[in-house]
Structures are given as structure tokens and as C-alpha cells.
A.B. asks: 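Mind looking over this structure? Questions follow.
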Amino acid sequence: MKSKYERDESYRTRFIAANPPKNGKYRCVYCGRRVLKNKMQVDHVIAVNRVKKNWLYRLCVPNGINDLDNLVPACPKCNRRKGDKGGLWAIRGHYWKICLPIYTALRLLVAAAILFLILGLTGISPFDTWLVDLILLPTKMVAG
């Protein structure tokens with residue numbers, strides 16, 4: 001019999017049965033990308049290797065490493081990047097309902113700020129609005 005701190009063969013099947021995809025896709029809890037069911041990877045938020053190496057991580061998964069509370073959908077890119085890391089990855093994995101909207105909003109805000117900054121610096125008049133002024137205000141203050 002396997003220990004509750006070892007990966008079992010059925011965790012992916014149990015995760016999919018408990019969390020059917022919406023419109024055939026899952027949303028990666030780390031980046032927000034929509035992923036097809038056959039491309040989605042089930043990630044252990046608290047990594048199996050971490051639990052095996054450090055007994056303190058076992059306190060984070062009292063029901064075992066393959067418990068549904070420790071499993072989340074991830075895109076292949078994020079799952080590779082996370083690997084067996086902990087820290088912020090574990091926080092993002094467990095509290096994704098809070099973290100993902102904040103992370104997505106910040107990414108969009110930064111992209112919009114860069115776009116408006118570029119357009120504002122090139123002198124394109126339709127984009128010379130209060131928003132560009134708001135974004136450029138810190139640079140205007142430094143330029144004096």
C-alpha cells in the first residue's frame with residue numbers, strides 16, 4: 001500500500017470527475033489561460049517531492065498529497081515553471097480565486113500603461129487623454 005504522501009495513479013481521473021471542464025476547457029490557476037481538457041495538467045499545489053523531503057510540508061496536506069484540495073488545473077507552461085517549488089506558487093495555487101483576478105488585472109493594467117505610454121510619447125492625439133496624462137504624470141514630475 002502506498003503512503004498518503006506518494007503520488008497515486010488515479011489523482012487526475014478523480015480531479016476531472018470532481019471538477020468537470022466548463023465548455024470543454026479548464027482555466028490555469030497560475031496564469032488564467034484556458035486549457036483544453038486533454039492539454040490540461042493536474043498540479044499538486046504542495047509538490048510531492050517537497051512533502052517527501054520535508055516533514056513540515058506534510059502539515060499542509062493532512063489528507064494526503066493526492067487530496068482534491070491539493071490538486072488544481074494548470075497549463076503545461078506553468079506546471080513546468082512551478083516544478084516542485086513552494087512559496088508564492090503554493091499561495092497562488094491554494095488561493096487562486098483571490099490571486100488570479102488580481103494577477104490578471106495587474107497584467108492588463110501594466111500592458112495598458114505601456115501601450116498608452118508608447119502612444120502618448122509618439123504624440124498620437126486621439127490617445128492624448130486624461131488616462132495618458134495620469135500614466136505620464138510621474139515622468140512629467142521628474143522632467144520638471
A.B. asks: Does Leu56 offer a backbone N or O that forms a donor-acceptor pair with the side chain of Asn54 under 3.5 Å?
C.D. replies: yes
A.B. asks: When rounded to the nearest 0.5 angstrom, what is the spacing between CD1 in Ile65 and OG in Ser3?
C.D. replies: 9.5 Å
A.B. asks: More than 12 heavy atoms of other residues, nucleotides or ligands under 6.0 Å from CG of Asn23: yes or no?
C.D. replies: no
A.B. asks: Any side-chain to backbone donor/acceptor pair from Arg27 onto Gly32? Under 3.5 Å, distance only.
C.D. replies: yes
A.B. asks: Can you see which heavy atom on Gln41 is nearest to which on Cys75, and at what distance?
C.D. replies: OE1-O, 4.5 Å
A.B. asks: Lys39 versus Leu36: any side-chain heavy-atom pair under 4.5 Å?
C.D. replies: yes
A.B. asks: Could you note down all residue pairs passing ring pair (Phe, Tyr, Trp, His ring centres under 6.0 Å) where residues 27-73 supplies at least one of them, sequence neighbours left out?
C.D. replies: Tyr11-His44, Tyr30-Trp89
A.B. asks: If you look at every heavy atom in Gly83 and Ala47, which pair is closest and at what distance?
C.D. replies: O-CB, 4.3 Å
A.B. asks: When hydrophobic residues are tied together by side-chain contacts of less than 4.5 Å, even through go-betweens, does Val42 share a cluster with Val45?
C.D. replies: no
A.B. asks: Taking all non-hydrogen atoms of both residues, which atom of Pro101 and which atom of Ile98 are closest, and how far apart?
C.D. replies: CD-O, 3.4 Å
A.B. asks: Kindly give the heavy-atom pair with the smallest separation between Leu71 and Phe15, and that separation in Å.
C.D. replies: O-CE1, 3.4 Å
A.B. asks: To the nearest 0.5 Å, tell me how far Cys60 SG sits from His94 NE2.
C.D. replies: 6.5 Å
A.B. asks: When clusters are formed from ILVMFWY side-chain contacts under 4.5 Å, directly or step by step, what else is grouped with Ile91?
C.D. replies: Leu88, Tyr95
A.B. asks: Can you tell if the side chain of Lys37 reaches within under 4.5 Å of the side chain of Ile16, non-hydrogen atoms only?
C.D. replies: yes
A.B. asks: Leu68 and Val61: same hydrophobic cluster, using ILVMFWY side-chain contacts below 4.5 Å?
C.D. replies: no
A.B. asks: Mind running side-chain contact (heavy atoms from CB on, under 4.5 Å) on Met40 and Arg12 for me, showing each step along the way?
C.D. replies: CA-CA 10 Å; Met40 181 271 300; Arg12 180 179 168 83; 4.0 Å; yes
A.B. asks: Is a donor on one side and an acceptor on the other found under 3.5 Å between the side chain of Asn70 and the backbone of Ile46?
C.D. replies: yes
A.B. asks: Any donor-acceptor pair under 3.5 Å linking the side chain of Arg14 with the backbone of Asn66?
C.D. replies: yes
A.B. asks: Tell me whether the count of non-hydrogen atoms from other residues, nucleotides or ligands lying under 6.0 Å of NZ in Lys85 goes above 12.
C.D. replies: yes
A.B. asks: Do you know the tightest heavy-atom contact between Cys31 and Arg92?
C.D. replies: N-NH2, 4.2 Å
A.B. asks: Kindly indicate whether the side chain of Glu6, heavy atoms from C-beta on, has any atom under 4.5 Å from the side chain of Lys52.
C.D. replies: yes
A.B. asks: Let's go through Lys4 and Asp67 carefully: what are the C-alpha distance in whole Å and the side-chain angles of both, what is the deciding distance for salt bridge (charged side-chain N to carboxylate O under 4.0 Å, His left out) to 0.1 Å, and is it a yes or a no?
C.D. replies: CA-CA 9 Å; Lys4 68 178 184 176; Asp67 185 53; over 6 Å; no
A.B. asks: So with a 6.0 Å cut-off around CZ of Arg34, is the heavy-atom count from everything else above 12?
C.D. replies: yes
A.B. asks: Enter the distance from Ile102:CD1 to Trp96:CH2 here, rounded to the nearest 0.5 Å.
C.D. replies: 13.5 Å
A.B. asks: Check whether any side-chain N or O of Asn49 sits under 3.5 Å from a backbone N or O of Asp84 as a donor-acceptor pair, and report yes or no.
C.D. replies: no
